[in-house]
J.: 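First the structure, which I've put down as C-alpha cells, then a few questions once you've had a look.
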Amino acid sequence: MIRVLVADDQALVRAGVRMLLQAAGDMEVVAEAEDGAEAVRLAERHLPDVILMDLRMPRVDGLEAIRRVLAARPASRIVVLTTFAEDANVHAALRAGAVGFLVKDDEPERMVDAVRRASAGEQLLAPSVLRRVVEGFLAAGERAAAPAPAGLTERELEVLALVGTGLSNAEIAEELHVGVTTVKTHVAAAMDKLGLRNRIQAAVVAHRSGLVDASFRPVRPHPRRLRS
C-alpha cells in the first residue's frame, strides 16, 4: 500500500484527490495538510511514501515546504500538484527537489500513475512539460550537476537517450523489448556514474551530449560523441 500525504489549501481538492487515490486500491491517504507548515509537520509524523504538494498555500508555500521536508528526509518523494504550470514554477519545484509536476486539470489516471511512479523512484513530467524544461535549461546555458558523461555502456547510453525523450521506464522497456527492472538498473547505473540526481538532469545531459536531437528523437549513441 502506497502511503500518500495531500497538501492543498482547498478542502474540495483534498477530498477529490483522496477519493481518487483510495479508489485505485493500492494507495492510502494517511494525512491531509491545508498549508505548507502543516505539510512539513505531518510528513515528519506520518512518513508518507509520496507527498502531493500544492505550490500556493498560506503561511508556508509549497516550495518552502518541499525544501523543509527534504532537509529532514532527503529521500522523500514529492510531486507538485498545481493550477499554475508556468515554466518558472516547474523549474523552481524541480530545483527544490520535487520528483514530478502535475497540473490539476490533468487526467485523473495521470495522478494515480504519478503516485505509483514516484513511489517506485521515477520522476514524472509530461513530455510536453519535459520539452519546455529541457529547452529552458539549454537556452539558459545552465550546466547539469554532473561532469561530461563518460564510462557508460552502450546500453546505458541508449537508455539515457530515451530518458531524454521523456519516456517512462515502462515505455523504455517496451521500446527496447526488455523488462522494466532491467531499464531501472540501466537508468540507475547511468545516473550514478554521471552523478545525476534526477531524470531532468539526465535528460539535459542526453540533449547536450547529442544523444537526442532538437526534435526530441533519440540519436544512435556512440561513446566517442560523449567524450568530445
J.: Calculate, to the nearest 0.5 Å, the distance between atoms CD1 and CD1 belonging to I51 and I66 respectively.
T.: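 One gets 9.0 Å once the value is rounded to the nearest 0.5 Å.
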J.: What closest approach, in Å, do V212 and H207 show between heavy atoms, and which atom pair accounts for it?
T.: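 That closest heavy-atom pairing would be CG1-CE1, 3.4 Å.
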J.: Less than 4.5 Å apart, any side-chain heavy atom of D35 and any of D9?
T.: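 No, their side chains stay 4.5 Å or more apart.
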J.: Does the side chain of L167 come within less than 4.5 Å of E174's, by heavy atoms?
T.: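 Heavy-atom side-chain distance check fails, nothing below 4.5 Å.
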J.: Is there a side chain to side chain contact (heavy atoms under 4.5 Å, CB included) between R117 and N169 once you walk through the steps?
T.: CA-CA 9 Å; R117 288 172 60 178; N169 285 348; over 6 Å; no
J.: Which heavy-atom pair separates P48 from V4 by the least distance, and what is that distance?
T.: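 Closest approach of P48 to V4, heavy atoms only: CB-C, 4.2 Å.
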J.: Following the transitive rule for hydrophobic clusters with a side-chain heavy-atom cut-off under 4.5 Å over Ile, Leu, Val, Met, Phe, Trp and Tyr, establish whether V30 and L42 coincide in one cluster.
T.: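 No, separate clusters.
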J.: So do the side chains of V79 and V115 get within less than 4.5 Å of each other, counting heavy atoms only?
T.: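 V79 does not reach V115 side chain to side chain.
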J.: If you look at every heavy atom in A33 and E38, which pair is closest and at what distance?
T.: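 Distance-wise, the nearest heavy atoms are CA-OE1, 3.5 Å.
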J.: I78 vs V69, test: side chain to side chain contact (heavy atoms under 4.5 Å, CB included). Steps then yes/no.
T.: CA-CA 9 Å; I78 304 175; V69 169; 3.9 Å; yes
J.: Distance check, rounded to the nearest 0.5 Å: L21 atom CG versus E28 atom CD?
T.: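 If we round to the nearest 0.5 Å, L21:CG and E28:CD are 11.0 Å apart.
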J.: L160 and L194: side chain to side chain contact (heavy atoms under 4.5 Å, CB included), yes or no, with the steps?
T.: CA-CA 11 Å; L160 182 63; L194 300 178; 4.0 Å; yes
J.: Please walk me through it: do L162 and V183 pass side chain to side chain contact (heavy atoms under 4.5 Å, CB included)?
T.: CA-CA 10 Å; L162 293 172; V183 173; over 6 Å; no
J.: Decide whether L52 and L20 are clustered together by the hydrophobic rule: side chain heavy atoms of Ile, Leu, Val, Met, Phe, Trp, Tyr closer than 4.5 Å, transitively.
T.: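 They do share one cluster, since a chain of ILVMFWY contacts under 4.5 Å joins L52 to L20.
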J.: Taking C-beta and beyond as the side chain, do D54 and T82 meet within less than 4.5 Å on heavy atoms?
T.: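 They are in contact (side-chain heavy atoms under 4.5 Å apart), so the answer is yes.
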J.: Please tell me if the side chains of T182 and R155 come closer than 4.5 Å, counting only heavy atoms from C-beta onward.
T.: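 Side-chain contact under 4.5 Å: no.
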J.: Do you reckon M57 sits in the same ILVMFWY cluster as L70, going by side-chain contacts under 4.5 Å, direct or chained?
T.: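 Both belong to a single hydrophobic cluster.
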J.: Indicate the atoms forming the closest heavy-atom contact of A118 with V99, along with that distance.
T.: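 Closest approach of A118 to V99: CB-CG2, 4.1 Å.
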J.: Kindly compute the distance separating CG (L152) from CD (E156), expressed to the nearest 0.5 Å.
T.: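 Going from CG on L152 over to CD on E156, the span is 4.5 Å.
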J.: What is the distance from atom CZ of R59 to atom CD of E34, rounded to the nearest 0.5 Å?
T.: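 Rounded to the nearest 0.5 Å, the CZ-CD separation comes to 7.5 Å.
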J.: When you measure from the side chain of T185 to the backbone N and O of T181, does any donor-acceptor pair fall under 3.5 Å?
T.: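 Indeed, once roles are kept as given, a pair shorter than 3.5 Å links the two residues.
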J.: Would the distance check show the side chain of R3 and the main-chain N or O of H46 forming a donor-acceptor pair, the cut-off being under 3.5 Å?
T.: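 At least one qualifying donor-acceptor pair exists.
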J.: Quick check: do R18 and V6 have side-chain heavy atoms less than 4.5 Å from each other?
T.: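 No - every pair of side-chain heavy atoms lies 4.5 Å or more apart.
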J.: Just verifying a value: how many Å separate T165 OG1 and E175 CD, rounded to the nearest 0.5 Å?
T.: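 Reported value, rounded in 0.5 Å steps: 8.0 Å.
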J.: Do any N or O atoms from the side chain of S119 and from the backbone of R116 form a donor-acceptor pair under 3.5 angstrom?
T.: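 Such a contact is absent between S119 side chain and R116 backbone.
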J.: Where do V60 and A37 come nearest, in terms of heavy atoms and distance?
T.: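 Nearest pair, atom of V60 first, then A37: CB-N, 3.5 Å.
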J.: So which heavy atom on V187 is nearest to which on V163, and how close?
T.: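 The answer is CG2-CG2, 4.1 Å.
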J.: Looking at CG of L55 and CG of L81, how far apart are the two atoms once the value is rounded to the nearest 0.5 Å?
T.: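 Interatomic distance, L55 CG to L81 CG, rounded to 0.5 Å: 9.0 Å.
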J.: When you measure from the side chain of R67 to the backbone N and O of A96, does any donor-acceptor pair fall under 3.5 Å?
T.: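 Side chain of R67 to backbone of A96: no pair is present.
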